[in-house]
Amino acid sequence: RTADDQLIIDAGQKHFGPVTCSTCAMIYSASSLEDEGQHAQYHQRLLESIHYVGWKKERVVAEFWDGKILMICPEDPKYALRKAEEVRELVDAELGFQQTNLHSPSRTRTYLYVTNDKKIVGCLIAEPIKQAFRVLAELSTPDIRSMCALERHRAWRCSSEPQPAICGVSRIWVFALMRRKSIASRLVDTMRSSFIYGSRLTTDEIAFSDPTPDGKLFASNYCGV
Ligand code: ACO
Ligand code: ZN
């Protein structure tokens with residue numbers, strides 16, 4: 001076989017190297033059967049998890065041009081709790097959380113961002129807390145942005161003095177293809193005005209538990225640190 005033949009054979013294949021699925025955002029190699037199989041499985045599970053069928057009893061706590069935010073409380077019907085659980089499992093898998101225990105399940109509130117085409121693209125899990133440790137930013141945001149993930153972790157230090165706080169964000173997640181459209185900001189805004197009936201929490205009264213690098217960048221921007 002000559003080099004020319006080889007060239008023709010290669011050019012006939014569909015994809016080389018990694019591709020990103022435009023629906024589920026998974027990066028995989030389309031030329032590997034094993035990868036394609038894993039993708040098909042993940043793709044299917046993601047679509048099932050983020051699909052919102054519509055409930056008879058839903059608690060809409062905010063409405064926007066592109067969707068709405070639902071709040072789910074522990075006393076809600078089983079179908080709502082099951083969906084909240086399913087989304088939490090998806091988020092925990094993406095965040096690499098092993099232990100999925102919540103501090104006080106009976107007082108947890110789950111906020112889901114549902115788009116007009118019935119996809120759950122954002123999730124926030126809030127719990128009551130009594131205190132939090134303020135993160136002390138030692139570097140400017142442009143400095144932090146230019147770092148790798150590990151360096152970012154080290155660039156943050158917490159105060160040793162606990163501050164009183166009311167509401168802890170135990171998870172916040174936005175679907176990969178929908179980020180930087182202020183969905184997380186709208187989830188936190190909505191949590192602040194609905195977590196305690198009749199009052200709006202200040203940014204000092206909320207805290208983000210053990211944030212990821214993305215979570216820190218979002219939280220510091222949101223809280224105006
Ligand atoms: N890098 C830099 N700045 C960011 C980032 C980022 N990755 N994400 C948010 N910001 C800042 C920006 O200033 C942004 O405003 P801009 O887009 O006008 O510049 C501002 O925060 C508001 O961002 P939103 O659009 O409201 O945030 P988004 O909807 O993209 O969601 C989130 C942010 C939830 C952190 C998302 O990136 C995500 O799901 N990441 C993966 C999961 C994760 O790590 N979650 C946090 C875990 S920590 C915890 O749960 C307590
Ligand atoms: Zn896919």
Side-chain angles (χ1 to χ4, degrees), residues 49-50 52 55 57-77 80-92 94-95 97 100-116 118-135 158 162-176 178-225:
S49 303
I50 70 172
Y52 174 70
W55 300 328
K57 274 175 71 182
E58 54 171 35
R59 198 182 288 102
V60 179
V61 282
E63 280 183 291
F64 303 94
W65 63 96
D66 58 350
K68 61 188 171 190
I69 296 177
L70 309 181
M71 182 170 81
I72 299 160
C73 302
E75 64 274 15
D76 282 356
L81 298 180
R82 254 201 308 271
K83 196 70 205 181
E85 178 78 18
E86 195 180 356
V87 175
R88 183 163 68 90
E89 279 169 14
L90 180 86
V91 173
D92 283 355
E94 189 177 324
L95 291 174
F97 284 3
T100 54
N101 293 342
L102 293 164
H103 295 300
S104 48
S106 64
R107 292 161 76 203
T108 297
R109 292 199 175 351
T110 301
Y111 295 88
L112 298 179
Y113 197 99
V114 182
T115 59
N116 293 337
K118 294 187 177 297
K119 290 200 183 73
I120 298 165
V121 296
C123 172
L124 185 159
I125 303 177
E127 296 177 297
I129 54 169
K130 293 202 170 66
Q131 60 178 41
F133 296 87
R134 192 167 301 284
V135 167
C158 285
Q163 317 256 329
I166 293 172
C167 177
V169 176
S170 112
R171 315 271 196 290
I172 184 159
W173 167 89
V174 171
F175 177 50
M178 297 290 278
R179 290 182 190 157
R180 306 302 286 270
K181 296 179 194 291
S182 79
I183 290 176
S185 304
R186 287 182 264 163
L187 280 165
V188 180
D189 283 346
T190 304
M191 174 201 81
R192 284 171 58 198
S193 54
S194 63
F195 191 74
I196 292 179
Y197 185 78
S199 88
R200 183 171 165 83
L201 299 170
T202 67
T203 53
D204 280 344
E205 291 168 326
I206 65 169
F208 294 82
S209 77
D210 197 18
T212 57
D214 268 358
K216 280 172 187 163
L217 286 164
F218 165 73
S220 57
N221 177 275
Y222 183 89
C223 297
V225 184

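Because the structure is predicted, anything quoted here is derived from the model rather than measured.
- Taking SG of C73 as the start and CZ of R109 as the end, the distance is 4.0 Å to the nearest 0.5 Å.
- In this structure, V61 and S194 approach most closely via the heavy-atom pair CG1-CB, 4.4 Å.
- Contact check on E85 versus R82 returns no salt bridge, with no Lys/Arg side-chain nitrogen under 4.0 Å from an Asp/Glu carboxylate oxygen.
- Put simply, CG on L187 and CG on L112 are 8.5 Å apart, with the number rounded to the nearest 0.5 Å.
- A search for ring-ring contact (aromatic ring centres under 6.0 Å, His included) contacts involving F195 returns nothing, not counting sequence neighbours.
- Between the side chain of T212 and the main chain of G215, a donor-acceptor pair closer than 3.5 Å is present.
- The two residues R192 and L201 come nearest to each other via the heavy atoms NE-O, 2.8 Å.
- The 12-atom threshold is exceeded at CD of E75, counting heavy atoms of other residues, nucleotides or ligands nearer than 6.0 Å.
- For the pair E205 (side chain) and T202 (backbone), a donor-acceptor distance under 3.5 Å is present.
- Side-chain contact check for V169 versus I125: every heavy-atom pair is 4.5 Å or farther apart.
- Separation of atoms OG (S106) and CD (E127) is listed at 9.5 Å; rounding is to 0.5 Å.
- For K68 (side chain) and N116 (main-chain N/O), no donor-acceptor pair under 3.5 Å exists by modelled atom type.
- Atom CG of residue D210 and atom CZ of residue R171 lie 10.0 Å apart, to the nearest 0.5 angstrom.
- Here the side chains of R200 and D189 are in contact, with some heavy-atom distance below 4.5 Å.
- With values rounded to the nearest 0.5 angstrom, I50 atom CD1 is found 14.0 Å from Y113 atom OH.
- Minimum interatomic distance between D76 and L81 (heavy atoms only, all atoms of both residues): O-CD1, 3.5 Å.
- Test K118, K83, E58 against Y52 for side-chain hydrogen bond (donor to acceptor under 3.5 Å, both in side chains) and you get one pass: E58.
- Each ring-ring contact (aromatic ring centres under 6.0 Å, His included) pair with one or both residues in residues 199-225, not counting sequence neighbours, appears once here: F218-Y222.
- Summarising the geometry, atom CG belonging to D66 is positioned 6.5 Å from atom CE belonging to M178; distances are rounded to the nearest 0.5 Å.
- With sequence neighbours excluded, no residue forms a salt bridge (charged side-chain N to carboxylate O under 4.0 Å, His left out) with K181.
- Of all heavy-atom pairs between A126 and M191, the closest is CB-SD, 3.8 Å.
- Contact detail for V87 and C123: the closest heavy-atom pair is CG1-CB, 3.8 Å.
- In terms of heavy-atom proximity, I183 sits nearest to G122 at CG2-CA, 4.4 Å.
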